[in-house]
2 protein chains.
Amino acid sequence: MAIADDGGLAGLTIRSLAKSLETKPMSLYHYVRNKDEILDGIVDAIFNEIELPVPGGEWKAELKRRATSARKVLRRHPWAIALMESRTTPGMANLRHHDAVLGTLRSAGFSLALAAHTYALLDAYVYGSALQEASLPFDGPESLAEVAGPMVEMFSAGDYPHLREFALQHVLQPGYDFADEFDFGLDLILDGLAAHLPHPVGGIEAAEA
Amino acid sequence: MAIADDGGLAGLTIRSLAKSLETKPMSLYHYVRNKDEILDGIVDAIFNEIELPVPGGEWKAELKRRATSARKVLRRHPWAIALMESRTTPGMANLRHHDAVLGTLRSAGFSLALAAHTYALLDAYVYGSALQEASLPFDGPESLAEVAGPMVEMFSAGDYPHLREFALQHVLQPGYDFADEFDFGLDLILDGLAAHLPHPVGGIEAAEA
DNA sequence: TAGCATTCTCGTACTTTGTACGATACCTTC
DNA sequence: GAAGGTATCGTACAAAGTACGAGAATGCTA
């Protein structure tokens with residue numbers, strides 16, 4: 001993971017890994033069947049970095065904490081998103097993770113169906129946000145101007161008028177930070193979910209028998 | 001794209017592409033600087049397959065149509081998601097696409113800030129959903145049982161109790177189709193956005209001067 | 001302590017990838 | 001028909017994963 005963090009996923013090769021472990025490429029194959037197995041392990045290690053919801057906690061706060069944590073992890077390891085798509089055999093940390101989230105939902109009174117909806121929705125949003133941020137050509141509000149400025153200049157007058165307005169009058173204004181978009185969506189989703197619960201605003205606890 | 005569709009992204013090599021065009025690898029380099037240029041072109045072609053919102057239409061319906069179309073396209077070309085993450089230079093279709101969506105939002109009365117929120121949220125959801133579906137080890141409700149069944153069996157009694165319940169009593173029940181999850185989230189998001197608009201439910205039109 | 005077996009290391013080499021280089025063939029235009 | 005651009009492609013190299021099998025290190029039994 002350290003190698004991928006500073007050389008991208010492409011920088012992680014059997015040879016580079018061996019070098020950083022001060023051994024030779026083929027030595028790794030004693031401990032690992034093939035590179036895919038290493039990648040599977042990395043994905044599970046990523047899941048281990050994400051904070052789990054605490055069993056007894058208030059569902060909205062717990063889900064928010066988990067989502068925020070997941071996003072932070074995926075920001076720290078942007079290459080992980082591409083990895084997660086390609087692997088299909090879930091590891092233990094992955095399963096434990098899903099189990100914990102489902103547990104939080106269920107004990108907050110979510111029906112199985114609503115829990116499924118919730119899980120799909122939240123995860124899609126978190127991964128999608130991470131994907132979005134990872135594929136932006138800039139990194140943070142400072143470099144945004146460097147990249148977007150010249151790009152907007154290139155739009156010959158009439159093309160993309162809305163994009164142009166949007167860039168000049170909103171995105172390139174001081175104070176705008178794309179990273180802030182995440183919380184807006186997350187809150188909107190969580191509030192929307194709350195409305196689907198049997199006890200709309202509900203007492204502090206006591207929802208399940 | 002045809003090659004990637006039936007051999008995965010890894011199946012698309014300069015050599016395989018040349019063969020399918022009935023020419024030799026190096027001939028391609030007359031028309032294209034390098035493979036990345038081909039991939040950039042493919043990403044833009046993907047954007048071209050996604051339906052644009054119609055300028056005058058009702059915003060919710062238009063956004064829903066666009067989102068549904070995008071998802072369908074990404075389901076047809078699951079390898080495209082990984083591609084889109086890695087490319088950072090947007091093509092014309094990409095820009096045109098963003099411009100059209102922004103146009104729809106603006107003329108429906110969305111402020112620049114709300115349009116930004118909306119765009120980030122919707123796109124994150126659509127891409128995230130596509131990512132999720134692409135990384136599922138099954139494809140469609142039939143094969144779900146084949147994959148999930150044996151997997152659940154492997155959970156030794158006490159592990160992952162919620163996951164177990166969830167799988168056995170919901171996911172593996174007849175009638176469940178993961179693909180249906182998409183619409184739930186999409187509607188929830190769109191409804192949530194509507195609540196943020198100045199004219200909550202609003203007249204049929206006449207929102208912008 | 002000697003002998004043997006298992007575990008671990010790694011040199012060599014093959015395959016698949018992208019693509020640099022430069023020679024050839026073709027096709028227009030005067 | 002000569003000139004010069006356009007298009008094709010044979011050869012070759014570097015970097016990747018990894019198969020094969022020889023050797024070294026370690027531990028276990030008699």
Side-chain angles (χ1 to χ4, degrees), chain A residues 1-47 74 77-94 131 134-135 137, chain B residues 1-47 74 77-94 131 134-135 137:
Chain A
M1 289 170 67
I3 296 175
D5 280 343
D6 64 49
L9 199 50
L12 174 61
T13 68
I14 292 288
R15 285 162 172 63
S16 68
L17 179 57
K19 184 165 288 176
S20 100
L21 293 173
E22 291 178 347
T23 180
K24 300 295 157 63
M26 289 314 293
S27 302
L28 304 181
Y29 284 88
H30 181 73
Y31 303 92
V32 143
R33 197 186 317 275
N34 50 36
K35 193 180 176 183
D36 275 358
E37 207 168 281
I38 298 177
L39 298 179
D40 280 335
I42 290 182
V43 168
D44 223 42
I46 292 279
F47 272 101
L74 291 178
H77 312 297
W79 44 265
I81 305 160
L83 248 198
M84 302 176 71
E85 187 206 5
S86 57
R87 330 269 88 221
T88 51
T89 43
M92 279 189 346
N94 189 338
L131 190 64
S135 59
Chain B
M1 288 171 67
I3 296 175
D5 280 343
D6 64 48
L9 200 51
L12 173 60
T13 68
I14 292 289
R15 286 164 174 52
S16 68
L17 179 57
K19 184 166 289 178
S20 100
L21 293 174
E22 292 179 343
T23 181
K24 300 295 158 64
M26 289 315 291
S27 302
L28 304 182
Y29 284 88
H30 181 72
Y31 304 91
V32 144
R33 198 186 315 277
N34 50 37
K35 191 179 178 183
D36 276 358
E37 207 168 282
I38 298 176
L39 297 180
D40 279 335
I42 289 182
V43 169
D44 223 42
I46 293 280
F47 272 103
L74 292 178
H77 311 297
W79 44 264
I81 305 161
L83 248 197
M84 301 176 71
E85 187 203 7
S86 58
R87 330 271 85 222
T88 51
T89 43
M92 278 190 345
N94 188 339
L131 190 65
S135 59

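The sequence lines fix the lettering, A, B, ..., with proteins before strands; numbering per chain opens at 1.
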How many whole angstroms separate atom CG of A:Leu28 from atom P of C:dG11? 13 Å
To the nearest 0.5 Å, how far apart are NE2 in B:His77 and CG in B:Leu9? 12.5 Å
For B:Ile38 and C:dT17, what is the distance between atoms CD1 and P respectively, to the nearest whole Å? 14 Å
Could you give the distance from CG (A:Leu74) to CH2 (A:Trp79), rounded to the nearest 0.5 Å? 9.5 Å
Taking NZ from A:Lys35 and P from C:dT17, how many angstroms apart are they, rounded to a whole number? 15 Å
Taking the side chain as C-beta and beyond, is there a heavy-atom pair between A:Ile46 and A:Leu83 under 4.5 Å? no
Let me spell it out: for each of A:Arg15 and A:Pro25, pick the nucleotide of DNA chain C with the closest heavy atom. Which residue's pick is nearer the 5' end? A:Pro25
Would you say the side-chain atoms of B:Asp44 pair up with the backbone N or O of B:Asn94, donor to acceptor, closer than 3.5 Å? yes
For A:Pro78 and A:Ala134, the nearest pair of non-hydrogen atoms, with its separation, is CB-CB, 4.4 Å
Between D:dA16 (P) and A:Leu39 (CG): distance, integer Å: 14 Å
Tabulated below should be each protein N or O lying under 3.5 Å from an N or O of nucleotides 6-9 of chain C; please produce it.
unit_1 : atom_1 : unit_2  : atom_2 : d
C:dC8  : OP2    : A:His30 : NE2    : 2.7
C:dC8  : O5'    : A:His30 : NE2    : 3.2
C:dC8  : O3'    : A:Tyr31 : OH     : 3.1
C:dT9  : OP2    : A:Tyr31 : OH     : 2.6

Is it true that atom CE of B:Met92 has more than 12 heavy atoms of other residues, nucleotides or ligands lying nearer than 6.0 Å? no
Rounded distance in Å - CD1 (A:Ile14) to P (D:dA19): 11 Å
